[in-house]
Asker: 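Have a look at this one before I ask anything.
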Amino acid sequence: MSTFQAPIGTHDVLAPQSALWEGLVATFAQYAYRYGFTLAVTPMFEEIGVFNRGIGEHSDVMTKEMYVFTDRGERTYALRPEGTASVVRAFVQHQPVTPYKAWYVTPAFRYERPQAGRYRQHHQLGVEALGSDDPAMDVEVIALAWRFYEALGLTRVRLLINSMGHAECRARYVEVLRGHLDEHREQLCDEHRASWSTNPLRVLDCKRDACVAVTNDGPSLPDFLCADCAAHFAAVRAGLASLGISSTLQPRLVRGFDYYTRTTFEFVADALGSAQNAIGGGGRYDGLTEQLGGKPTSGIGFGSGIERLLLAREAEGLTSNLINRSIDVFIVDTTGGAEATALADQLRRAGFAVERAYDARSMKSQMKAADRSGARVALLVGPQELEAGQITMRDLRSDDFETAQRRVERAGLVATLREHLSK
RNA sequence: GUGGGCGUAGCUCAGUUGGUUAGAGCGCCAGGUUGUGGUCCUGGAGGUCGCGGGUUCGACCCCCGUCGCUCACCCCA
C-alpha cells in the first residue's frame, strides 16, 4: 500500500487503458470537426453562481454533489459538475458570432458515493450550439452523438427523447403537476413527500415505486406543448427519422438540470446491466444565456461520459483500440548507447515511432525489451556495424532467423525502413 | 447520506481448529561460454499480511475502531 492514493472516486488512467481514451477523444474530435464544431477550453472551476443559476438550486447536483471551495481571496468557487454551464458563460462573456458551435472534453466533479460507472471525477466530451432554434440544429447535435457512438462500434444504444416546451408550456405543466402531486402527496416516497413542492419535476426522475405510481397517472408533459413547441418537436423527430435515427418518446424524461427547455434526450446503453446505463444526454436550454446575464439566445448541446462509453464498449465485447499507438522501431545498441541516441533522433525526425534500451544492458536484455515493446523492427548496432557503417535490421514478427534479418547501409536507413514497414 | 462484500508481493490469489524463517502462478531482474527476443531451464530481487488498539505465552487468522476498495439504494455521465 503506497502512502498516497488517488482520492476516493478518482482513477489514474495509464497504458494500455489510456490508449482507449486517446482513441475515443481523437475520434470525437474528428467527428466534431466534421460537423463544424470548434474546440472550447474553459476553466474547470467557476463562480458557484454559474452552476446554480442554470442547473437549479434544488437539483441533486447543487444540493448535495457540488465540490465547493473558497480560495485565498475568499472567493467561492465550485469545480464544474458538467460541461454546459462554463461554455455558455464563455459565450455570454465573449459574444462570438452565431451560430456558435463548440466541442469540449473535460473532467466533471460530483461528490457522490462511487459505484460501478459512477465516480467523483469522471470525464465528459460534448458539444454546445448557441444562437439557433432551428430544429435542424437539434437534429445535427443528436446525429453527431449518434454517429459518434456508431464510430465507437456501439450497437445497443437507444435514444430517448422528450420535449419540455418553452418557459410558458413548462410553467403550465408544472402548475398542473404540482396540483396532482398535492392531491397524492401522502403516497409519495419519503424523500419527495417532504420536497415535492420545491421542484415538482424532480419527482418525475424518482425511481421509487411510490412516486412512479403517482406520476404515471398524472399529467403528461407532451400534452402541454403549445403549437410552436409541438411543431418544433415534431420537426426534430422527423429530421432524426429522415436520417435513419430512431427515437423513443419518453414523456417523463426531464433530466437532472433545470435549464432544459424544449428538446431533451438521453442515450441509454442496453449492454450496461447496471443502473448507470446513461452514456450521454442533453437538450435545449433556451433561457440559460439570460440566467447567466446575457442576451436571449437559444442553445442546445449534449454531453457524454468517457468512462461509461468505455464500459459500454467493453460490455458489447468491443476490443479494438480506435487508434494505433504501437511503435515502429526498437534500437538495440551494444556499443554504449550513444549510437542509439543519434539513430533515435534521426528516425524520430523522419517520422518513425522509436523506442530504445537504456542503461547499457546486455544484448539479450535489450532484445527482450524490443520484443516487449511491440515494435515491428529491431535495429541492432554493435561494434561490427559501427565499424562498417551499417545497421542490422531484424523483423521481430518473423520467426525465421535466416530471412528475418539483414545488414543494411546506415546511409540509406530511412528509405530502407520506410520500404520495409510498408510491406 | 444508508446498507452488503472485501483488504496477504507489481498483478491474480493460497495460507489448515491462532504456533515460530508468510507461499504459488504470472510479471520483473540475471545467468544457460564467445553479439540476438518470443519457448524452455536455473537463480535472484520484492511483503511493517491496509492502519491503530485489544485478547493471548504467541495473531495474517479472534475482537473493536479506523482508512480504503467494491457493489447496491438515490441520482446521474
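Naming: A, B, ... by sequence-line order, numbering from 1 per chain. Since the model is a prediction, treat every value here as computed from it, not as a measurement.
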Asker: Base, sugar-phosphate alone, or nothing: which one does A/Ala108 contact when heavy atoms must sit under 4.0 Å apart?
Answerer: nothing
Asker: Classify A/Arg120 by what it touches in the nucleic acid, base, sugar-phosphate, or nothing, heavy-atom distance under 4.0 Å.
Answerer: nothing
Asker: Would you kindly give the CD-to-C1' distance between A/Glu112 and B/C74, to the nearest whole Å?
Answerer: 9 Å
Asker: Quick one: label A/Ser59 by what it contacts on the DNA or RNA (base, sugar-phosphate, nothing), any heavy atom closer than 4.0 Å.
Answerer: nothing
Asker: How is A/Gly117 classified with respect to the nucleic acid when contacts are heavy atoms under 4.0 Å: base, sugar-phosphate, or nothing?
Answerer: base
Asker: Between B/C75, B/C29, B/G31, which nucleotide has the shortest distance from any of its atoms to the side chain of A/Arg372?
Answerer: B/C29
Asker: Any idea which of B/G35, B/C74, B/A77 is nearest the A/Phe257 side chain?
Answerer: B/A77
Asker: So what does A/Gln366 hit on the nucleic acid, given a heavy-atom distance under 4.0 Å: a base, only sugar-phosphate, or nothing?
Answerer: nothing
Asker: What is the distance from CD of A/Gln5 to C1' of B/C51, rounded to the nearest Å?
Answerer: 11 Å
Asker: When the distance from CE of A/Met363 to C1' of B/G38 is rounded to whole Å, what number comes out?
Answerer: 16 Å
Asker: Among B/A77, B/G35, B/C75, which is the nearest nucleotide to the side chain of A/Asp60?
Answerer: B/C75
Asker: Would you say the side chain of A/Gln121 and the base of B/A77 hold a donor-acceptor pair, judged only by whether the two atoms sit under 3.5 Å apart?
Answerer: no
Asker: Tell whether A/Gln276 reaches the base of B/C71 with its side chain through a donor-acceptor pair below 3.5 angstrom.
Answerer: no
Asker: Under the 3.5 Å rule, do the base of B/G38 and the side chain of A/Asp371 count as making a donor-acceptor pair?
Answerer: no
Asker: Could you check whether A/Lys364 gets within reach of a base, just the sugar-phosphate, or nothing at all, counting any heavy atom under 4.0 Å?
Answerer: base
Asker: If we take the P atom in both B/U48 and B/G23, what is their distance in whole Å?
Answerer: 15 Å
Asker: Among B/A77, B/C71, B/G68, which is the nearest nucleotide to the side chain of A/Arg113?
Answerer: B/C71
Asker: When only distance counts, do a donor and an acceptor, one from the side chain of A/Glu385 and one from the base of B/G35, lie under 3.5 Å apart?
Answerer: yes
Asker: Under 4.0 Å between a Lys/Arg side-chain N and an Asp/Glu carboxylate O for A/Asp182 and A/Arg178?
Answerer: no
Asker: RNA chain B: A/Leu309 or A/Pro7, which has the more 5' nearest nucleotide?
Answerer: A/Pro7
Asker: What's A/Ile279 touching, base or sugar-phosphate or nothing? Going by heavy atoms closer than 4.0 Å.
Answerer: sugar-phosphate
Asker: Using a strict threshold of under 4.0 Å (side-chain N to carboxylate O), is an ion pair present between A/Arg202 and A/Asp205?
Answerer: yes
Asker: So what does A/Tyr111 hit on the nucleic acid, given a heavy-atom distance under 4.0 Å: a base, only sugar-phosphate, or nothing?
Answerer: nothing
Asker: Specify the separation, in whole Å, of atom CZ of A/Arg208 and atom P of B/A72.
Answerer: 17 Å
Asker: So which nucleotide does B/U66 pair with, by the Watson-Crick or G-U wobble rule with both distances under 3.5 Å?
Answerer: B/G50
Asker: With a 4.0 Å cut-off, would you call A/Glu266 and A/Arg255 a salt bridge?
Answerer: yes
Asker: Between C1' on B/G35 and CG on A/Leu379, what's the gap in Å once rounded to a whole number?
Answerer: 16 Å
Asker: At 4.0 Å (heavy atoms only), tell me whether A/Ala278 reaches a base, stays on the sugar-phosphate, or touches nothing.
Answerer: sugar-phosphate
Asker: Taking the P atom of each, how far is B/U8 from B/G15, in whole Å?
Answerer: 14 Å
